[in-house]
> 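This is the structure, below, for whatever I ask next.
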Amino acid sequence: MIDLRALRENPDAYRDSQRKRGDSPETVDALLSADSDHRSALQSFEALRAEQKGLGKQIAKAQGEEKQALLERTKTLAEEVKAAEARVTATAAAFDAAGKALPNLVADGAPAGGEDDFVLLKEVGDTAVPEDVRDHLDLGTALGLLDTERGAKASGARFYYLTGDGALLQLAMLNLAVQQAVETGFTPVIPPVLVRPEAMEGTGFLGEHSDEVYYLERDEMYLVGTSEVPLAAYHSGENLGELSEPVRYAGWSSCFRREAGSYGKDTRGIIRVHQFDKVEMFSYCRPEDAAAEHERLLEYEERMLQKMELPYRVIDVAAGDLGTSAARKFDCEAWVPSQGRYRELTSTSNCTTFQARRLNIKYRDEHGKNAVAATLNGTLATTRWLVSILENHQRPDGSLGVPKALQPFLGKDVIEPK
RNA sequence: GGAGGAUUCGCAUAGUGGCCUAGUGCGCCCGCCUGCUAAGCGGGUUCCGGUUGAUCCCGGUCGAGGGUUCGAAUCCCUCAUCCUCCGCCA
């Protein structure tokens, strides 16, 4: 949900934002008109209600005939109040729907356009393609690290088993991510992965991405696609106080995605799967601190990628590819030699006050007034990283070099074929 | 799965149809008093929205949503959460 006062004051900013996303600016005008309808309905209801309350007080004191006369009048008034209230309910519903249809205001720096209109911010490392490169599935299967055939047998397409050193490799990476998160001031959290509708709705995942979400109808619960959801819901309805320093959490969870509409895309290996594990950073801060916090999250992501000794690039994601909640997004994409291209390994979003407004998360500003907080999130490690780790650290003899930072967790510096 | 109890301002509690414009205590904020501190005294203190230059004012808000009524914190229904107990179960 965007800031309505800001919208009323400067609708053009929101119309421009819609154009940058490649969306219709008319969504803004639909919301403005729903807002004004709602407010006028509210005003007529409030006027009638005030009259009713006033009469109620007179009735309490009145006696006999006078009381009877007043009762006559309030009966018709009660009808009018009820009708006015119904109009408020109707206009409020229309207004809510119009509000949900409008995504977050795109940040000034974000490039306009669609998926291919990103701005390249930097490239790090050497993107060589080794001779006789094997892709992560060949290598991982040969080394006994992963098993997609049995994954399909048990659960279907886009499922997999991580086995032996493959399982240990993922645990090592996730543990390293948690260790780094704790060192940089994040509170580690293992959150619930089944959430109620409000949590899903509040984080903005039931809009255009609702097809992506697993829903358990019998229990009216959703399986989360990222721990961003339970970490955002963690403080929903709360006031976080001064918030002079950002409040930071690192969630470790399994993540579930339906991958609807991606038939035929990335069907090989574990690039795009229905279930994976992830360590996710999540920050609550004052809106004026959000841009700086966003840079910080990006830096922590890069630090992890460097520990994995992976070549990568950083892109400033274009407005059309931001999703509902983000005002700006930076992705880190790591080199995947078998494909000869970069693939997304991390994504950090500044959601400004968009999620917090829906989830009713406040802080106390410098004047002591309640104000809506900002939320941000970013990836520290996921199962997909194994793709790039396997392919970039493969050796001509068929073994896999273990990145230095993972060696203490894994207890070895090379994974040999059996 | 079943039975009972609870949910009121940051915390604790009062409130069984109009006197609730929700009281009181604690905490917190401001002031007074006072060598200092504490105590004492006075005032303020739910949140959201509308309106306004700002105040004022108005409406909503007693877990959520419906209903009864001229009028609901209070009566009725549905739901959520927590607690106690019974049953089942890893």
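So that the names make sense, note that chain A is the first sequence line, chain B the second, and so on, each numbered from 1. We use all heavy atoms of the structure for the numbers below, so side chains are in, but hydrogens, waters and symmetry mates are not.
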> Using 30° and 60° as the class limits, which term best fits the ring planes of A:H235 and A:Y249: parallel, tilted or perpendicular?
tilted

> For A:E46 and B:G49, give me the distance from atom CD to atom P, rounded to whole Å.
13 Å

> What is the pairing partner of B:A38, taking Watson-Crick or G-U wobble pairs with both distances under 3.5 Å in any strand?
none

> Counting Watson-Crick and G-U wobble pairs only, both distances under 3.5 Å, name the nucleotide matched with B:A73, or none.
none

> I need the CG-C1' distance between A:L48 and B:G50, as an integer number of Å.
15 Å

> Find the distance A:E242:CD to B:C29:P and express it as a whole number of Å.
12 Å

> Nearest to the A:R5 side chain among B:G50, B:U68, B:C70, which nucleotide is it?
B:G50

> Can you tell me, in whole Å, how much space there is between the P of B:A12 and that of B:G63?
14 Å

> Return the pairing partner of B:C89 with a 3.5 Å limit on both distances, Watson-Crick or G-U wobble; otherwise return none.
none

> Compare side-chain N and O positions of A:K362 against OP1 and OP2 of B:C48 and report whether any pair is under 4.0 Å apart.
yes

> From A:S325 OG over to A:M1 CE, what is the distance, rounded to the nearest 0.5 angstrom?
11.5 Å

> According to a strict under-4.0 Å criterion, is A:K53 in side-chain N/O contact with OP1 or OP2 of B:G60?
yes

> Grab the CD-P distance between A:E80 and B:C70 for me, whole Å please.
15 Å

> Could you measure between the two P atoms, the one in B:C33 and the one in B:U37, and give it in whole Å?
13 Å

> Could you please name the partner base of B:U55, counting Watson-Crick and G-U wobble pairs only when both distances are under 3.5 Å?
none

> Kindly point out which of B:G71, B:A80, B:G50 is positioned nearest to the side chain of A:Q43?
B:G50

> How is A:N370 classified with respect to the nucleic acid when contacts are heavy atoms under 4.0 Å: base, sugar-phosphate, or nothing?
sugar-phosphate

> Using the P atom as the point on both nucleotides, what is the distance between B:G60 and B:G5, in whole Å?
32 Å

> State whether the side chain of A:Q18 and the backbone N or O of A:E26 hold a donor-acceptor pair below 3.5 Å, judged by distance alone.
no

> Would you mind reading off the distance between A:E51 atom CD and B:G71 atom P, rounded to a whole angstrom?
13 Å

> Could you check which nucleotide pairs with B:G23 in any of the strands shown, counting Watson-Crick or G-U wobble with both distances under 3.5 Å?
B:U13

> Hey, which sits more toward the 5' end of RNA chain B by its nearest nucleotide, A:R39 or A:A47?
A:R39

> Does any non-hydrogen side-chain atom of A:F330 lie less than 4.5 Å from one of A:E301?
no

> Strictly by Watson-Crick or wobble contacts shorter than 3.5 Å, is anything paired with B:C82, and which nucleotide is it?
B:G5

> Look at all strands and tell whether A:R357 reaches a base, only sugar-phosphate, or nothing, counting heavy atoms closer than 4.0 Å.
nothing

> Look at the side-chain N and O atoms of A:R49 and state whether any lies under 4.0 Å from the OP1 or OP2 oxygen of B:U61.
no

> A:D331 vs A:S347, test: side chain to side chain donor-acceptor pair (under 3.5 Å). Steps then yes/no.
CA-CA 4 Å; A:D331 283 0; A:S347 183; 2.8 Å; yes

> When the distance from CG of A:L359 to P of B:C48 is rounded to whole Å, what number comes out?
16 Å

> If we take the C1' atom in both B:G50 and B:C56, what is their distance in whole Å?
14 Å

> Rounded to whole angstrom, note down the C1' distance from B:C75 over to B:G23.
23 Å

> Closer than 3.5 angstrom, by distance alone: can the side chain of A:Q275 be matched with the main-chain N or O of A:F256 as a donor-acceptor pair?
no

> Could you pull out the closest heavy-atom pair between A:A98 and A:A30, with the gap in Å?
CB-O, 4.4 Å

> If you measure from the P atom in B:U8 to the same atom in B:U13, how many Å do you get, rounded?
9 Å

> Take atom P in B:G10 and the same atom in B:A22, then report the distance between them in whole Å.
15 Å

> Please confirm whether the backbone N or O of A:N350 pairs with a side-chain atom of A:R328, one donor and one acceptor, at under 3.5 Å?
no

> Quote, to the nearest angstrom, the P distance that separates B:C58 from B:U21.
12 Å

> How many whole angstroms separate atom CD of A:E79 from atom P of B:C70?
9 Å

> For B:C62, what is the paired nucleotide under Watson-Crick or G-U wobble rules, both distances under 3.5 Å?
none

> Rounded off to whole Å, could you give me the CG-to-P distance for the A:L55 and B:U69 pair?
18 Å

> Looking only at the side chain of A:R196 (C-beta and beyond, no hydrogens), which of the listed nucleotides B:U51, B:U81, B:C58 gets closest?
B:U81

> So, is A:Q52 close to the B:C70 phosphate, meaning a side-chain N or O under 4.0 Å from OP1 or OP2?
no

> Please compare A:L42 and A:G54 by the position of their nearest nucleotide in RNA chain B and report the one closer to 5'.
A:L42

